[in-house]
Amino acid sequence: MFLAVSIVCDDYFLPSLEIISECLGLSQDVAGATFMAAGSSAPELVTAFLGAFVTKGDIGVSTILGSAIYNLLGISAACGLFSSVVSRLSCWPLFRDCLAYTISAAAVLAMISDNRIYWYESASLLLIYGCYILVLCFDIKINQYLMKKFSPCCACFTKAMEENAEQQPLVGWRDESGPLIRQQSRTDSGIFQDELDYSQLSTSLHGLDEISEDHPNVFTMPEADMKRILWVLSLPIITLLYLTIPDCRRQFWRNWFMVTFLISAAWISAITYVLVWMVTIAGETLGIPESVMGLTLLAAGTSVPDTVASVLVARKGNGDMAMSNIVGSNVFDMLCLGIPWFIKTAFINTSGPIEVNSSGLTYTAISLICSVGFIFLAVHLNGWKIDKKLGTICFVLYLVFTVLSILYELGIIGNNPTRVCGN
């Protein structure tokens with residue numbers, strides 16, 4: 001299932017995201033915070049609807065809030081440790097997404113503090129996300145204003161990004177057009193724009209060929225021995241995905257990129273469901289307590305698409321897109337809670353609010369705020385780049401937070417009594 005998620009993301013989901021970004025003229029970080037976050041967070045949306053309409057419990061709240069620390073620290077650690085490329089980061093996109101996530105998390109925690117969700121509270125979640133999208137629409141202008149306003153403290157970041165652009169020019173631009181890139185695109189991430197010097201090449205995440213040349217078939221056997229073994233083992237998955245998802249990397253299916261995006265997001269949800277089910281059975285067989293499972297294996301299981309997608313783009317050097325997907329997917333997760341809550345309270349069950357369980361709320365609030373602060377501080381102290389040093393720091397912080405969370409859930413620290421099923 002891990003392999004299946006990797007294939008869907010690498011061969012279908014990310015290429016469709018690339019074409020969407022190219023058509024809409026989105027920067028890497030905006031694309032990561034919107035379409036990439038929405039697609040990779042599809043499992044959380046399904047979980048939120050199941051919790052509101054099927055199980056009628058707080059499964060959506062516990063899943064989304066419980067995996068918040070992993071989403072921030074765990075995925076950041078994976079991007080740093082599993083990427084061989086040092087990716088430069090920008091100040092504004094990370095600050096923007098962290099601020100939006102902090103506001104969204106604070107809103108959710110304030111709503112569930114009284115164990116009841118009213119229609120106007122769930123509507124406010126949708127309003128917050130709408131404001132976030134509005135900020136993204138004017139992202140370039142806001143960034144340019146802030147760079148001029150706070151140029152003394154942002155000059156080092158601008159210089160670093162210009163050096164990075166010189167070392168790793170965008171695919172498809174001619175060498176002499178380097179200054180043109182920095183003049184017409186935002187200083188902190190390249191923007192997909194149609195200019196004369198663009199040569200009709202995509203600024204690819206995967207190094208796609210010219211549009212006139214077709215992409216190699218997915219059934220082409222790799223040359224390396226280990227890759228051949230992996231290719232043979234994954235052949236049934238490759239065949240199933242090939243028959244059900246149009247490959248927008250190929251010229252014939254290029255205009256079907258939105259269909260590719262939607263079907264690949266659906267496949268990601270289905271695969272993640274099976275993956276989480278398998279992890280749950282394995283945890284119960286090994287006798288792992290439910291509270292520990294929710295904070296470790298299940299939290300990581302539901303975030304597999306985010307992890308795979310972020311690591312893949314980080315290995316291509318697109319650090320802003322990776323970090324924006326990590327934080328932006330958490331913002332989208334808050335929207336996941338708002339949609340089913342609003343539908344249920346405003347249209348289906350208008351007689352009363354939704355009952356949720358908010359036990360352990362104080363520790364959850366402290367963990368969320370601390371994790372956002374730690375990731376921002378760690379990136380700043382590391383010189384605004386994703387490397388193995390940042391990955392190690394995030395991994396250690398994640399282990400510390402997870403151990404403290406498990407001890408709190410088991411009642412070893414704090415005054416949180418453990419609950420046994422049936423009592």
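Model, not experiment: these values are computed from the prediction. Heavy-atom basis, side chains included; hydrogens, waters and symmetry copies ignored.
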Shortest non-hydrogen contact between Ser371 and Phe401, atoms and distance |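 So the two residues come closest at N-CZ, 4.1 Å.
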Short question: side chain of [X], backbone of [Y] - any donor-acceptor pair under 3.5 Å?
X      : Y      : answer
Arg228 : Met221 : no
Arg315 : Ser83  : no
Ser21  : Leu26  : no
Ser16  : Phe13  : yes

Begin from the C-alpha positions of Lys316 and Val85 and carry the test side chain to side chain contact (heavy atoms under 4.5 Å, CB included) through to its verdict.
-> CA-CA 7 Å; Lys316 302 297 180 180; Val85 178; over 6 Å; no
State, yes or no, whether a side-chain contact exists between [X] and [Y] at a heavy-atom distance under 4.5 Å.
X      : Y      : value
Met321 : Ser324 : no
Leu94  : Trp384 : yes
Met36  : Leu14  : yes

Excluding sequence neighbours, so at least two apart, what forms ring-ring contact (aromatic ring centres under 6.0 Å, His included) with Phe82?
->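 In terms of ring-ring contact (aromatic ring centres under 6.0 Å, His included), with neighbours along the sequence ignored, Phe82 is linked to no residue.
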For residues 388-396, run the donor-acceptor check on the side chains, cut-off 3.5 Å, and write out each pair with its distance to 0.1 Å, sequence neighbours left out.
{"unit_1": "Lys388", "atom_1": "NZ", "unit_2": "Leu81", "atom_2": "O", "d": "2.9"}
{"unit_1": "Thr392", "atom_1": "OG1", "unit_2": "Lys388", "atom_2": "O", "d": "2.8"}

Residues in side chain to side chain donor-acceptor pair (under 3.5 Å) contact with [X], at least two apart in sequence or another chain:
X      : value
Tyr132 : Asp97
Ser122 : none
Thr272 : none
Ser76  : none

Donor-acceptor pair between Thr244 and Trp267 side chains, under 3.5 angstrom =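 Yes, a side-chain donor-acceptor pair sits under 3.5 Å.
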Got more than 12 heavy atoms from elsewhere within 6.0 Å of CZ, Phe138?
->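 12 or below, so no.
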Determine whether more than 12 heavy atoms belonging to other residues, nucleotides or ligands lie under 6.0 Å from atom CH2 of Trp256.
->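 Atom CH2 in Trp256 is not packed in, count stays at 12 or less.
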Run the numbers on Ile133 and Thr34 for side chain to side chain contact (heavy atoms under 4.5 Å, CB included), then give the verdict.
-> CA-CA 8 Å; Ile133 296 297; Thr34 52; 4.1 Å; yes
Side chain to side chain contact (heavy atoms under 4.5 Å, CB included) between Arg249 and Thr260, intermediate numbers included | CA-CA 10 Å; Arg249 296 173 299 176; Thr260 303; over 6 Å; no
Test side chain to side chain contact (heavy atoms under 4.5 Å, CB included) on Tyr242 and Asp11 and set out the steps.
-> CA-CA 10 Å; Tyr242 177 81; Asp11 291 348; over 6 Å; no
So which of Asn325, Leu17, Val30 actually passes side-chain contact (heavy atoms from CB on, under 4.5 Å) with Phe35?
->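 Checked Asn325, Leu17, Val30 against Phe35; only one passes side-chain contact (heavy atoms from CB on, under 4.5 Å): Leu17.
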Parallel, tilted or perpendicular: which describes the rings of Phe95 and Trp92, with under 30° parallel and over 60° perpendicular?
->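 Correct class here is tilted.
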Among Asn143, Asp320, Asp29, which one satisfies side chain to side chain donor-acceptor pair (under 3.5 Å) with Ser90?
->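 The residue from Asn143, Asp320, Asp29 that satisfies side chain to side chain donor-acceptor pair (under 3.5 Å) with Ser90 turns out to be Asp320.
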